[in-house]
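First the structure, in the form of structure tokens, and then the observations on it.
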Amino acid sequence: MSRNQRAVHIYHFKGSGGPPEERPADSLKFKDFFELAHETVVLKESEVLSKDFCLVTANGCFIVDKREFTDEHITIPHHSGVSMYDSMFAVMLIQSQAIQIIHIKNNGKMIDLHRIGWFNHPDDELVLARYRDFNEQYIAQQSKMSASPFYRHGYNLKDEDFGEHRAKDRFDSFALAPTISSKTEYSADATYHQVPSSTSNIGIPSRVQSYLSQVTYSQSHQDEPHSQTISGIKQRLMAYLFRKAFNANDGGAALRHFHLTFQQFTSLVMWRMQFLDESTLLIKFGKLDCVVGRQTDVTYQTAFFVFYDIHSTEILAVYDNASEEFLRLYEAWADQFCATAYSTAGKDKRHYSSTCSNNIYAKDHLKKTQYGMRHARNGGTAQAVKRSLCVLPYSPQSLSDSPYLDQALFSYDEKVISPSDRQRPCQDFPIKFYLRGSGELRFKIHLFKPGPHSGNHGIVGTNSTTNMAGLNQNALNAMNTNILSNVGNAMINVNGTTMAAAIGSGTIMRSKRFATFIAHPFEPFIISVIQSQLQPTVLNLHLHR
């Protein structure tokens with residue numbers, strides 16, 4: 001990204017170089033590894049690029065098409081609001097409570113396929129429009145009949161004033177769903193697809209009941225064409241839960257529970273989703289507080305995972321995030337769940353990174369995490385299951401398939417580095433990697449410039465304090481050894497000053513630092529980005545020496 005976030009610079013990676021003994025360790029520049037291939041500038045003055053979002057398509061085309069979503073909310077950080085599988089691209093529209101499916105052609109052009117949410121099939125709107133036309137014809141016919149002197153109501157027509165709203169409400173109550181022309185003014189704080197609350201109608205005349213139902217509808221009307229009903233995707237969900245409760249052999253207990261929790265399930269909102277294959281989506285439903293709340297606060301809140309078939313529009317399975325059955329399913333098929341999280345995701349491509357379903361070390365790490373959560377304060381089995389399933393759904397291209405981060409090959413501290421693109425706490429001492437077979441120290445990663453007694457083997461990083469939001473070409477070419485050495489000395493002096501002040505005061509005053517690692521898929525080349533509060537961002541290029 002450029003400094004002003006209005007341009008994208010695309011580079012070709014030249015490779016990590018020749019044999020380690022032939023590489024000049026003190027005269028490396030950024031241009032020795034990367035070559036500028038293309039630059040694209042955003043032309044619209046009111047738009048800027050988001051530095052937290054960048055995906056690479058399999059066709060290798062860049063910046064050739066564009067899609068706009070007005071008045072929408074999409075989760076941008078860590079690609080949490082989208083999913084990609086081969087040429088299929090899905091966008092989670094939280095405001096509209098819909099999933100937009102897009103096909104990316106070989107030339108990079110994007111084609112809108114259909115939108116899942118209020119409608120399931122492309123022709124659902126046409127079917128409902130026919131019913132609305134029928135309802136309007138029926139209401140008009142009833143109006144004509146009521147105006148005729150030969151029409152008998154069961155009460156005196158002189159008692160009714162057809163100019164009042166009560167008369168119109170009586171006829172509108174026959175409609176299956178409100179029409180677009182009869183929309184009332186929208187509520188500013190309305191939530192989508194919310195079922196209006198019911199009131200007790202015992203002993204109330206029918207005309208008053210009709211008026212109360214219209215008032216309830218007006219107070220709870222949302223920004224949807226037919227908000228008295230629930231959305232298509234939620235209708236599929238409720239139908240699945242009803243059939244499951246109806247077929248349960250428990251004397252009707254499950255069915256009674258379904259009716260008691262009907263309001264709670266209809267108030268759920270779609271939160272995140274991911275492709276499992278080209279026809280199956282894993283959709284996460286949660287409460288409205290989960291969508292608008294902080295990420296740290298929603299890990300242990302109740303949520304539901306729904307398996308949805310795009311072609312048949314059927315719900316295949318539903319699990320809550322405390323389900324031990326779903327946890328066993330995830331542990332057995334983790335490769336399928338996290339396949340789209342790799343840059344090599346696709347039906348014709350395979351990745352060989354370790355997961356809890358194919359590697360005993362990765363599974364052992366997951367079991368240790370669950371054990372600690374079960375025995376922690378305010379913990380338990382349900383909290384351990386929720387903690388293990390909070391990674392779902394996976395974001396696209398959020399995991400690295402580098403062999404140097406493979407748990408089957410190397411043992412390392414997963415608290416400071418992992419295949420995930422999430423930030424990790426930064427430490428001053430190097431990160432050590434040991435061979436799984438022999439336990440031998442194989443290499444180390446230095447996040448800061450190592451001293452003369454740091455050892456001969458390891459992946460060494462060169463530092464540059466530059467703004468990661470914008471690396472212009474002049475700044476990249478200026479990253480030579482002299483500037484890097486000066487930066488390293490300045491950092492040591494700053495740290496020395498901080499430690500001297502700490503010794504004098506008796507307390508350690510150091511801001512927290514976090515590191516993000518970007519590893520090459522197969523070459524010994526890793527990029528690390530170190531961020532700390534009120535400090536410039538540090539970019540490291542690590543290669544094997």
Side-chain angles (χ1 to χ4, degrees), residues 1-5 7-41 51 54 56 60 62-63 343-344 397 400-405 410 417 419 421 426 430-431 433 442-452 454-492 515-531 536-545:
M1 303 294 177
S2 63
R3 187 176 299 274
N4 59 2
Q5 295 182 233
V8 177
H9 296 160
I10 300 175
Y11 293 86
H12 281 307
F13 180 61
K14 296 181 179 180
S16 57
E21 60 274 7
E22 298 179 3
R23 300 173 190 165
D26 297 329
S27 62
L28 295 178
K29 302 178 182 179
F30 186 88
K31 64 180 182 180
D32 295 332
F33 301 99
F34 299 96
E35 179 182 1
L36 184 63
H38 187 75
E39 180 181 4
T40 298
V41 180
K51 61 182 180 180
C54 183
V56 181
F62 35 83
I63 323 295
S343 58
T344 57
Q397 301 180 14
S400 172
D401 45 7
S402 171
Y404 298 95
L405 299 177
F410 298 100
I417 188 172
D421 64 347
C426 184
I431 305 174
F433 289 74
R442 193 66 183 91
F443 63 90
K444 296 181 290 185
I445 295 181
H446 298 265
L447 296 181
F448 301 96
K449 195 166 185 178
S454 61
N456 296 326
H457 60 285
I459 296 185
V460 181
T462 57
N463 304 337
S464 174
T465 55
T466 181
N467 187 1
M468 282 302 295
L471 291 173
N472 56 33
Q473 186 61 24
N474 295 329
L476 294 176
N477 294 333
M479 291 169 59
N480 51 33
T481 306
N482 296 330
I483 295 180
L484 297 179
S485 300
N486 294 333
V487 170
N489 294 331
M491 292 171 59
I492 294 175
T516 304
F517 297 90
I518 306 171
H520 192 276
F522 55 87
E523 291 206 27
F525 188 87
I526 298 177
I527 301 175
S528 66
V529 183
I530 303 176
Q531 295 176 326
T537 301
V538 178
L539 170 67
N540 294 325
L541 304 179
H542 305 271
L543 66 154
H544 189 270
R545 177 184 294 178

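- When the side chain to side chain donor-acceptor pair (under 3.5 Å) test is applied to S528, the partners found at least two apart in sequence or on another chain are N540, H542.
- A donor-acceptor contact shorter than 3.5 Å is absent between the side chain of E523 and the backbone of G15.
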Quiz item: Is there a side chain to side chain contact (heavy atoms under 4.5 Å, CB included) between I10 and E39 once you walk through the steps?
Solution: CA-CA 6 Å; I10 300 175; E39 180 181 4; over 6 Å; no
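- Counting only distance, with no hydrogens or angles, the side chain of H446 and the backbone of F448 share no donor-acceptor pair below 3.5 Å.
- Between F410 and Y404, the angle of the ring planes stays under 30°, which puts this pair in the parallel group of the 30/60° scheme.
- For F443 against I445, the heavy-atom pair with the smallest separation is CE1-CG1, 4.3 Å.
- Y11 and H9 have perpendicular rings, their planes meeting at more than 60° on a 0 to 90° scale where under 30° would count as parallel.
- The minimum heavy-atom distance linking A519 with I526 is given by the pair CB-CG1, 4.0 Å.
- Here CG of D421 is found 7.5 Å from OG1 of T516. Values are rounded to the nearest 0.5 Å.
- Closest non-hydrogen pair, L447 versus C426, comes out as CD1-SG, 3.6 Å.
- In this structure a side-chain-to-backbone donor-acceptor pair under 3.5 Å is present from K14 to K31.
- At least one side-chain heavy atom of I527 sits less than 4.5 Å from a side-chain heavy atom of L541.
- Applying the ring pair (Phe, Tyr, Trp, His ring centres under 6.0 Å) rule to F33 yields the partners F525; only residues at least two apart in sequence or on another chain are considered.
- Remark: H12 pairs with no residue by the side chain to side chain donor-acceptor pair (under 3.5 Å) rule, at least two apart or across chains.
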